[in-house]
Amino acid sequence: MTDITIEPTKIALGHRMVPIYSICMCNYNMASTLERSLTSLLGQLDERFEVVVVDDGSSDDSVSVITRLAQVYPALRVIGLRRDPRRKLGLTRNISIREARGEYVMLHLDCDDVFGPFIADFVEVFHRIEKCIGRDILLSGQHINMGRRDFLLSHGPYLNMYRGEDRHLWSRMAAIGAYIPFDHVDFITRLPKPTKVRYTKMIMDTLDHMRNDFRSGITLAKYFSYEFRKAAERSFKYRMFRYLLLIPSWMASRFDEPISQERTIGSPEAFAAYREKTRGTYAELMRRYGGDPELSFLRPEAHEIFSRSGTAGPA
């Protein structure tokens with residue numbers, strides 16, 4: 001299905017310690033944001049980390065950008081794939097996990113984001129929550145997820161989907177009590193795109209997300225009901241935008257195979273209810289599982305990030 005080319009940093013990694021943590025990223029034609037995104041990440045990592053970027057057959061200069069950065073940052077690896085339109089984001093994520101060398105993987109970090117200097121702090125918080133709970137978990141923070149590589153491989157893989165592949169895996173993790181939604185200040189910021197690109201992506205992503213919801217078993221009547229309940233949280237323009245896309249996405253879903261809910265916690269509505277019931281800040285999660293809620297082990301600036309939910313402001 002895929003041709004994988006290991007990057008030129010293979011030799012450079014020979015004298016480095018085997019990483020404990022692999023940050024798994026997927027890229028397709030993000031050359032315009034790659035350098036800023038990757039340098040914001042790589043500049044804060046030590047030898048415990050590697051960054052694995054799976055390039056999904058980009059037609060721009062993405063691979064050249066990553067290869068050049070790899071000469072400066074030995075922790076960076078690129079896995080180059082031939083373009084295959086049948087391979088959706090879910091399969092690309094699976095490749096990134098399989099190619100990871102670390103015991104633990106971090107997921108859902110995107111190549112058009114910049115990263116505040118809190119990756120190592122997130123790792124420390126993860127381990128304390130993991131130890132408190134006493135079993136394998138997938139900790140799902142704000143645009144960053146973390147779990148043990150072998151555990152995720154044994155309970156995965158992602159489905160071959162462009163949008164919703166993450167939520168389906170989370171739902172399977174929730175069914176075994178391993179999905180832990182974690183509220184903290186979001187220290188990851190999306191880089192701006194041209195207005196036309198931004199709106200086109202928003203339309204296509206929303207259509208695909210709704211389409212997969214219908215494929216997962218939500219009826220049109222239930223979806224209208226859900227949108228009505230969420231109306232108070234959304235602007236008038238955004239409500240109208242979503243209402244207008246409901247019928248086209250429902251019609252498109254009629255031509256697709258249903259998405260199996262086997263081994264999941266149930267319907268997307270059941271998963272949403274589970275998530276709201278079990279989410280929490282660090283202190284809330286630790287109290288729930290009988291641990292110490294204090295964050296005194298963190299730097300003061302990191303304490304501010306992980307003691308509450310919200311946004312960190314512009315990067």
Side-chain angles (χ1 to χ4, degrees), residues 7 9 19 21-56 58 60-79 89 92-93 96 100 102 104-126 139-146 163 166 182-202 205 282 298-315:
E7 74 304 335
T9 55
Y21 308 107
S22 296
I23 297 175
C24 300
M25 305 177 74
C26 300
N27 174 75
Y28 179 65
N29 285 346
M30 291 288 185
S32 62
T33 60
L34 263 173
E35 183 161 2
R36 185 176 174 190
S37 176
L38 289 175
T39 53
S40 74
L41 180 61
L42 289 157
Q44 60 180 291
L45 303 179
D46 58 31
E47 285 199 339
R48 297 174 298 164
F49 294 85
E50 69 168 356
V51 176
V52 182
V53 181
V54 176
D55 184 82
D56 209 357
S58 292
D60 63 4
D61 293 329
S62 290
V63 174
S64 297
V65 172
I66 303 169
T67 302
R68 175 169 52 81
L69 288 173
Q71 309 310 312
V72 181
Y73 299 100
L76 177 61
R77 298 196 290 131
V78 58
I79 310 299
L89 180 58
T92 308
R93 292 201 191 283
S96 74
Y104 292 89
V105 294
M106 278 171 274
L107 304 160
H108 303 287
L109 288 80
D110 293 330
C111 292
D112 56 353
D113 289 336
V114 291
F115 305 91
F118 302 104
I119 297 295
D121 302 292
F122 184 88
V123 168
E124 179 67 20
V125 167
F126 166 85
L139 188 67
S140 181
Q142 307 304 306
H143 303 108
I144 179 170
N145 288 237
M146 184 172 176
R163 280 288 177 266
D166 50 0
F182 175 33
D183 292 331
H184 59 85
V185 171
D186 193 349
F187 58 88
I188 299 174
T189 305
R190 182 59 45 90
L191 288 167
K193 296 183 179 68
T195 301
K196 182 178 180 180
V197 173
R198 187 172 69 252
Y199 280 111
T200 299
K201 179 175 170 55
M202 181 176 68
D205 284 357
Y282 177 81
L298 291 178
R299 300 171 294 139
E301 57 269 36
H303 186 286
E304 179 66 15
I305 294 292
F306 296 106
S307 63
R308 60 184 179 85
S309 58
T311 56

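In this chain, numbering begins with 1 at the start of the sequence shown. Computed from heavy atoms alone, side chains included, the values below leave out hydrogens, waters and symmetry copies.
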Audit row: Ile119, Ile23, side-chain contact (heavy atoms from CB on, under 4.5 Å) steps and yes/no: CA-CA 10 Å; Ile119 297 295; Ile23 297 175; 4.2 Å; yes
Excluding sequence neighbours, so at least two apart, what forms ring-ring contact (aromatic ring centres under 6.0 Å, His included) with Phe126? Tyr104
Closest approach of Leu89 to Arg163 (non-hydrogen atoms, all atoms of both residues): CD2-NH1, 3.8 Å
Residue of the set Asn27, Asp56, Asp55 for which side chain to side chain donor-acceptor pair (under 3.5 Å) holds with Thr92: Asp56
Does Thr33 use its side chain to pair, donor to acceptor, with the backbone of Cys111 at less than 3.5 Å? yes
Is there a donor-acceptor pair under 3.5 Å between the side chain of Gln142 and the backbone N or O of Phe187? no
Here the gap from Met30 atom CE to Asp113 atom CG, rounded to the nearest 0.5 Å, amounts to 9.0 Å
Donor-acceptor contact below 3.5 Å, side chain Asp60 vs main chain Ala31: yes
Ignoring hydrogens, what is the shortest heavy-atom contact between Gln44 and Phe118? Give both atom names and the distance. OE1-N, 3.1 Å
Cut-off 3.5 Å, side chains only: do Ser140 and Asn145 have a donor facing an acceptor? yes
Is a side-chain donor or acceptor of Ser40 paired with a backbone partner of Ser37 at a separation under 3.5 angstrom? yes
Taking the side chain as every heavy atom from C-beta outward, state whether Met25 and Val51 have any pair of such atoms under 4.5 Å apart. yes
Answer yes or no: is there a side-chain heavy-atom contact under 4.5 Å between Tyr73 and Leu38? no
When you measure from the side chain of Gln71 to the backbone N and O of Thr67, does any donor-acceptor pair fall under 3.5 Å? yes
d(Asp61 CG, Asn29 CG) to nearest 0.5 Å is 9.5 Å
Which atom of Glu304 lies closest to which atom of Val185, heavy atoms considered: O-CG2, 3.8 Å
Could you grab the distance from atom OG of Ser96 to atom CG of Leu107, nearest 0.5 Å is fine? 6.0 Å
Going by ring-ring contact (aromatic ring centres under 6.0 Å, His included), name the residues that satisfy it together with Phe182, two or more places apart in sequence or in a different chain. His184
Can you find a heavy atom in the side chain of Leu139 that is under 4.5 Å from one in the side chain of Phe122? yes
Quick check: do Ile305 and Asp121 have side-chain heavy atoms less than 4.5 Å from each other? no
For Asp186 and His143: C-alpha separation, side-chain torsions, deciding distance, then whether side-chain hydrogen bond (donor to acceptor under 3.5 Å, both in side chains) applies. CA-CA 8 Å; Asp186 193 349; His143 303 108; 2.7 Å; yes
Would you say that Cys24 contacts Arg93 through its side chain, given a criterion of any heavy-atom pair below 4.5 Å between the two side chains? no
Check whether Asp110 reaches the backbone of Asp112 with its side chain - one donor and one acceptor, N or O, closer than 3.5 Å. no
Taking all non-hydrogen atoms of both residues, which atom of Gly102 and which atom of Glu50 are closest, and how far apart? N-OE2, 3.9 Å
If you take all heavy atoms of Ala120 and Phe49, which pair is closest and at what distance? CA-CZ, 4.3 Å
